[in-house]
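Owing to the predicted nature of the structure, the values given are computational and were not obtained by experimental measurement. When a ligand or atom number is given, it counts from 1 through the structure's own listing order.
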Amino acid sequence: MSGSHILVMNAGSSSIKTALFDADLNETLRVEATGIGGTGTVTTGDSRQPVALPDNAAALAAIFDTLSRQGIAVTALRAVAHRVVHGGTALIAPCRITPQIRQAIADCIPLAPLHNPHHLSAIDAVTALAPDLPQCASFDTAFHATIPDVARRYALPDRSDLAGLQRYGFHGTSYAALVRVLPRHIGTLPKRLLAFHLGNGASICAILDGQSVATTMGYSPLSGLTMGTRAGEIDAGAVLRLVRQLGLDEAETLLNHHSGLLGLSGISSDMRQLEKNDGPKAQFAIDHFCYWAARQAGSMIAAMGGLDAIAFTGGIGENSAQIRNAILDKLSWMGNFPSYTVKAQEEIQIAREASTVLNANQEDKDDA
Ligand code: ADP
C-alpha cells in the first residue's frame with residue numbers, strides 16, 4: 001500500500017530543498033538541507049540543526065530522518081517529484097523516472113553541467129534509500145517546447161556536431177503555474193501575456209494563448225535579463241575574450257556568480273539590500289536591471305504581435321513595487337494594459353504534475 005504525500009525536491013550544488021504536499025496537494029512542511037559538502041544545516045519551520053552533510057546521500061538521509069521525526073515515514077510518501085532544470089529536446093513533459101528517463105536526464109548533462117548532475121545524484125540517493133518509491137520529474141525547459149524554430153535557432157550552421165546548440169528557455173514550471181493560476185484570479189487568460197519571473201534568476205516569457213512563443217533565457221539560464229549574479233545577455237565576442245583572458249573556469253564563474261546585480265553594485269546580489277542602499281552603484285545596478293527588463297520585454301511583445309496583460313512573479317516580481325513600477329513606467333509607451341502580481345508556485349506545480357503522471361499510470365494499469 002503506497003502513501004499519499006508527494007515530496008517535491010529541488011537539488012542544487014550545495015542544497016536540497018523539499019516541500020511536502022498531502023493527498024489534497026496542500027503544502028504541509030518544508031525541509032531544507034544546506035551547506036552540503038561540509039558542516040551543513042537542516043532547516044524545518046523554526047528549527048535549524050547543524051549536521052555533517054558530506055554529500056547528497058547524507059543530506060537526503062537527514063531530510064528523510066527529519067520527515068520521519070515529524071511523523072512522515074517513507075511509507076507515507078506516494079512519490080518524490082524532482083525539479084529538473086534541463087530536459088533537452090527529448091524530455092518535454094512531466095514523467096515518471098524510469099531507468100530510460102534517468103539516462104535521458106544524464107544525456108542532458110552537457111546542456112546543464114551546473115544543474116543536472118545534482119538532480120541525478122538526488123534521484124540516485126532516493127533510489128538507494130527507498131528503491132520502491134516512485135520518482136517523477138518536471139523540467140524547467142518543458143513549457144518552452146512550443147517555441148517556434150525561428151525563435152529557437154541560433155544562426156549557426158546546420159551541422160551534427162553543433163546539435164543541441166539552440167535556445168531552450170527556463171523557469172517553465174513557474175510559467176506553467178502562472179497560466180494555470182491567473183485565470184482563477186481574473187476569470188480569463190489574457191491572449192498575449194507578458195510574464196516576468198524576477199528572482200535571483202530572472203526571465204521574461206511571451207505567452208500567446210497559454211503557450212510559450214519566446215523567452216529571454218536561451219541555451220543556458222545565463223542569457224537574457226540582468227540577474228542576481230548572472231550577467232544576462234552578453235556578446236559572444238566578449239565571452240570569447242573572457243575565456244582567452246581568464247580561462248574557461250574563471251570566465252564561467254565570473255559570468256554565473258560574480259556578475260549581474262552583484263557585479264554592477266559591488267555590494268549585493270539581493271534586490272532588497274540594493275533598494276535599501278542610496279549609493280550610486282546600487283542605484284545603477286537597479287536601473288540596469290529595470291532598463292534591460294523593459295528593453296527585452298519589447299522583443300517579447302514583438303514575438304507575440306502585441307500585448308494584452310503583464311504578470312509579475314518571483315521574489316522581486318512579487319514583492320518589489322518599486323521594480324514593477326519602474327519596468328511598467330518604461331513600457332508605458334505601449335499604452336494602458338492590466339498588470340498582475342502572482343505568487344510563484346513552482347513547488348505545487350511540480351506536485352500537481354507528479355500527481356497527474358501517477359494517476360495516468362494508475363489508469364493505464366487499471367485498463368490493462
Ligand atoms: P530564487 O530565484 O532563488 O528562487 P526568489 O524568487 O526567492 O529567488 O527571489 C529572490 C530575490 O527577491 C532577491 O533579490 C530578493 O532580494 C528579492 N526580494 C524578496 N523580497 C523582496 C522585497 N520585499 N523587496 C525587494 N526584493 C525582494
>> Regarding atom 19 (C) of ligand 1: of the candidates G315, G12, S269, S320, which has the closest heavy atom?
In response: G315
>> Heavy-atom count check: over 12 atoms from other residues, nucleotides or ligands less than 6.0 Å from D161 CG?
In response: yes
> Would you say G228 touches ligand 1, if touching means a heavy atom closer than 4.0 Å?
Replying inline: no
> Is there a nitrogen or oxygen of R272 sitting under 3.5 Å from a nitrogen or oxygen of ligand 1?
Replying inline: yes
>> Applying side chain to side chain contact (heavy atoms under 4.5 Å, CB included), can you list everything that pairs with R30, at least two apart in sequence or on another chain?
In response: A19, E27, E347
> atom 20 (N) of ligand 1: which protein heavy atom is closest, and how many Å away?
Replying inline: N319 ND2, 3.3 Å
> Under 3.5 Å between some N or O of ligand 1 and some N or O of G314?
Replying inline: no
> Can you name the closest pair of heavy atoms from A33 and A59 and give their distance?
Replying inline: CB-CB, 3.9 Å
> For atom 14 (O) of ligand 1, what is the nearest protein heavy atom, given as residue, atom name and distance?
Replying inline: M271 N, 3.0 Å
> Would H144 and F170 count as a close aromatic pair, with their ring centres under 6.0 Å?
Replying inline: no
>> Under a 4.0 angstrom heavy-atom cut-off, which atoms of ligand 1 come close to G201?
In response: 2 (O)
>> Ring-plane angle category for H171 and H197, please: parallel below 30°, perpendicular beyond 60°, tilted otherwise.
In response: parallel
> Polar-atom distance check: N200 versus ligand 1, any N or O pair below 3.5 Å?
Replying inline: yes
> For D124, what residues pass the salt bridge (charged side-chain N to carboxylate O under 4.0 Å, His left out) criterion, not counting sequence neighbours?
Replying inline: R102
> What is the minimum heavy-atom distance between E353 and A176, and which atoms define it?
Replying inline: OE2-CB, 4.4 Å
> Which bit of Q273 gets closer than 4.0 Å to ligand 1, counting heavy atoms only: side chain, backbone, both or neither?
Replying inline: neither
> Given the side-chain rings of H86 and Y168, with only the six-membered ring counted for Trp, is the space between their centroids under 6.0 Å?
Replying inline: yes
>> Please determine whether side chain to side chain contact (heavy atoms under 4.5 Å, CB included) holds for the pair E32 and V42, giving the CA-CA distance in whole Å, both sets of side-chain angles, and the decisive distance to 0.1 Å.
In response: CA-CA 6 Å; E32 299 188 357; V42 176; over 6 Å; no
>> Evaluate G199 for polar contact with ligand 1, using N/O atom pairs at a separation under 3.5 Å.
In response: no
>> I'd like the name of whichever of D270, I323, L261 reaches closest to atom 16 (O) of ligand 1 through any heavy atom.
In response: D270
>> For ligand 1 and L198, I'd like to know whether there is a polar contact (N/O to N/O, distance under 3.5 Å).
In response: no
>> Give me the residue, atom name and distance of the protein heavy atom closest to atom 11 (C) of ligand 1.
In response: I316 CG1, 3.7 Å
> Is atom 4 (O) of ligand 1 less than 4.0 angstrom from at least one protein heavy atom?
Replying inline: no
